[in-house]
Amino acid sequence: MAEVSLKNVRKVFDRDVVAVDDANIDIKDQEFVVLVGPSGCGKSTTLRMVAGLEEVTGGEIFIDGKLVNDIPPKDRDIAMVFQNYALYPHMTVYQNMAFGLKLRKYPKEEIDERVREAADILGIEELLERKPKALSGGQRQRVAVGRAIVRKPKVFLFDEPLSNLDAKLRVQMRTEISKLHTKLEATMIYVTHDQTEAMTMGDRIVVMKDGRIQQNDTPLQLYNHPANQFVAGFIGSPSMNFIEGRLVADGDGLRFDEGKISLPLLDEMKEPLAGYVGQELTLGIRPEDIHDPDTMGRGVDTITIEAQVEVVEPMGNEVFLYLTTGISSFVARVDPIHIPEVGHQVKLAVEIGKAHFFSKDAQESLLGGR
């Protein structure tokens, strides 16, 4: 396998459409890195530049220490799995998986060995004589992955490979791909717009927006210490609540004033936020950090607030409450012990130690890596 490195990579279409702007990513040997972001953020374009399917406008791409900017895709020793599977409909599964090796004039015996080995890894041995039209979506996806495996490339590239599958099959296939990464000890770059896929599969996640990298970190670091408001809102489901307010001095401490609710801050927050007293800020708090006060029992610092219930979504093992203070709307993720009725006022405990604060204009995190 191999390392992949992008140095100041830039892609511009039609002279003025900047798809990727100054991307710097270092991917270690055998690492599983996920590029994630909304549609049009540049993640697939970045992957296609690594594959050689898009020409680099600026910067350098290295695979296994070798500059590949001017090397054609077939000579980069990579294998790519596409969103639409790209299987040949007139060929059997065996022929689809063997086709790339035949083009490279591998011996027949080695082709057979590689195809059957990949089929065994993916559990598709009984499908080898079928044609794609006789396969389910999940089976076609396995064949597409198998076609990549037989190449034994230095780097595997996945471009939203699960987006055409139903929800249950997506969960199953992302588990299979994670197992495959461990088994093959492979370097993998995986593109998705689904943050759940990113969080559950990646050793490291690169969050992109408008062609620029917003944060490059481990899943837990992204979740607990987002660099800015975009990353905070993109990672997590339901997404983080954002509440506008003003930071005010309160004796020796600080308080966040929303207008209807007032939240005293912890002493540890005073130093990083001291310079923002009197300014408007955005408070970020995740739904799971807002609880029914009667079910806390965690020994953590909480502040009780009141809000009106607008919508109740029972999920079985938990309940999502959509609430309003009269000024701000937010979501709480609570236990299904006492489900309130729509229109009722409820008291909730906010874990203020889990709160994030973002500047109003730049939307950058003000508490850093605490």
Side-chain angles (χ1 to χ4, degrees), residues 214-215 217 220-236 238-310 320-335 337-338 340 343-370:
Q214 303 296 305
Q215 192 168 350
D217 230 320
L220 286 180
Q221 193 70 11
L222 280 176
Y223 186 82
N224 293 319
H225 308 293
N228 56 44
Q229 193 170 324
F230 173 78
V231 175
F234 193 82
I235 300 296
S239 61
M240 182 181 286
N241 297 299
F242 296 114
I243 299 172
E244 307 291 333
R246 186 179 295 274
L247 192 65
V248 297
D250 185 13
D252 292 334
L254 297 176
R255 183 165 42 85
F256 180 80
D257 188 355
E258 177 254 9
K260 289 279 189 177
I261 57 174
S262 184
L263 304 176
L265 306 189
L266 301 181
D267 288 343
E268 66 196 55
M269 297 175 174
K270 283 166 54 176
E271 184 177 345
L273 294 177
Y276 297 90
V277 172
Q279 296 185 29
E280 291 187 0
L281 302 179
T282 301
L283 177 146
I285 188 79
R286 296 200 181 276
E288 53 268 38
D289 297 326
I290 306 174
H291 311 274
D292 183 332
D294 297 333
T295 60
M296 283 298 299
R298 298 185 180 188
V300 296
D301 293 302
T302 62
I303 296 166
T304 302
I305 63 171
E306 287 193 13
Q308 181 173 305
V309 180
E310 292 195 319
F320 296 154
L321 300 182
Y322 293 79
L323 306 128
T324 181
T325 63
I327 297 175
S328 306
S329 297
F330 60 98
V331 183
R333 195 175 194 167
V334 302
D335 292 325
I337 298 174
H338 305 295
H344 281 202
Q345 288 284 122
V346 294
K347 290 185 177 180
L348 296 160
V350 177
E351 288 190 47
I352 195 63
K354 299 283 187 69
H356 301 262
F357 290 90
F358 304 96
S359 57
K360 191 74 180 294
D361 297 328
Q363 299 188 344
E364 295 176 347
S365 174
L366 302 179
L367 294 179
R370 70 175 177 82

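Since the model is a prediction, treat every value here as computed from it, not as a measurement. The chain is numbered in sequence order, starting from 1.
- For the pair D257 (side chain) and S262 (backbone), a donor-acceptor distance under 3.5 Å is absent.
- Using a distance-only test at 3.5 Å, with no hydrogens or angles considered, no donor-acceptor pair links the side chain of D335 to the main chain of I337.
- A pairwise comparison of heavy atoms in A349 and P293 identifies N-CG, 3.9 Å as the closest pair.
- Scanning both residues, G233 and S239, for their nearest heavy atoms gives O-CB, 3.1 Å.
- What you find for D252 and K270 is that their closest heavy atoms are O-NZ, 2.9 Å.
- Open room surrounds OH on Y276; 12 or fewer heavy atoms of other groups in view lie less than 6.0 Å from it.
- Here the two rings, on F256 and F357, have centers that are under 6.0 Å apart.
- Qualifying ring pair (Phe, Tyr, Trp, His ring centres under 6.0 Å) partners for Y322, counting only residues two or more places apart in sequence or in other chains: none.
- A donor-acceptor contact shorter than 3.5 Å is absent between the side chain of R255 and the backbone of L263.
- Put simply, the side chain of Q363 never gets that close to the backbone of N228: no donor and acceptor are under 3.5 Å apart.
- Taking all atoms of both residues into account, the shortest heavy-atom contact from F358 to A232 is CZ-CB, 3.6 Å.
- Under a cut-off of 6.0 angstrom, the local environment of CD in E271 is sparse, with at most 12 non-hydrogen atoms contributed by other residues, nucleotides or ligands.
- A donor-acceptor contact shorter than 3.5 Å is absent between the side chain of D289 and the backbone of I285.
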Please assess E244 against T282 for the test side chain to side chain donor-acceptor pair (under 3.5 Å), listing each intermediate value before the final yes or no. CA-CA 5 Å; E244 307 291 333; T282 301; 3.2 Å; yes
side-chain contact (heavy atoms from CB on, under 4.5 Å) between L266 and I352, intermediate numbers included: CA-CA 7 Å; L266 301 181; I352 195 63; 3.7 Å; yes
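- The two atoms that bring L323 and V309 nearest to each other are CD2-CG2, 3.8 Å, heavy atoms only.
- Only one option out of Q308, K260, E258 pairs with T325 in a side chain to side chain donor-acceptor pair (under 3.5 Å); it is E258.
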Would F242 and F330 count as a side-chain contact (heavy atoms from CB on, under 4.5 Å) if you check the C-alpha gap in whole Å, the side-chain angles of each, and the deciding distance to 0.1 Å? CA-CA 7 Å; F242 296 114; F330 60 98; over 6 Å; no
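- Rounded to the nearest 0.5 angstrom, D217 CG and I235 CD1 are separated by 10.5 Å.
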Carefully, step by step, assess K354 and R286 under the rule side-chain contact (heavy atoms from CB on, under 4.5 Å). CA-CA 8 Å; K354 299 283 187 69; R286 296 200 181 276; over 6 Å; no
Would V334 and L321 count as a side-chain contact (heavy atoms from CB on, under 4.5 Å) if you check the C-alpha gap in whole Å, the side-chain angles of each, and the deciding distance to 0.1 Å? CA-CA 7 Å; V334 302; L321 300 182; 3.9 Å; yes
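- With hydrogens and angles disregarded, a donor-acceptor distance shorter than 3.5 Å links the side chain of S359 to the backbone of E364.
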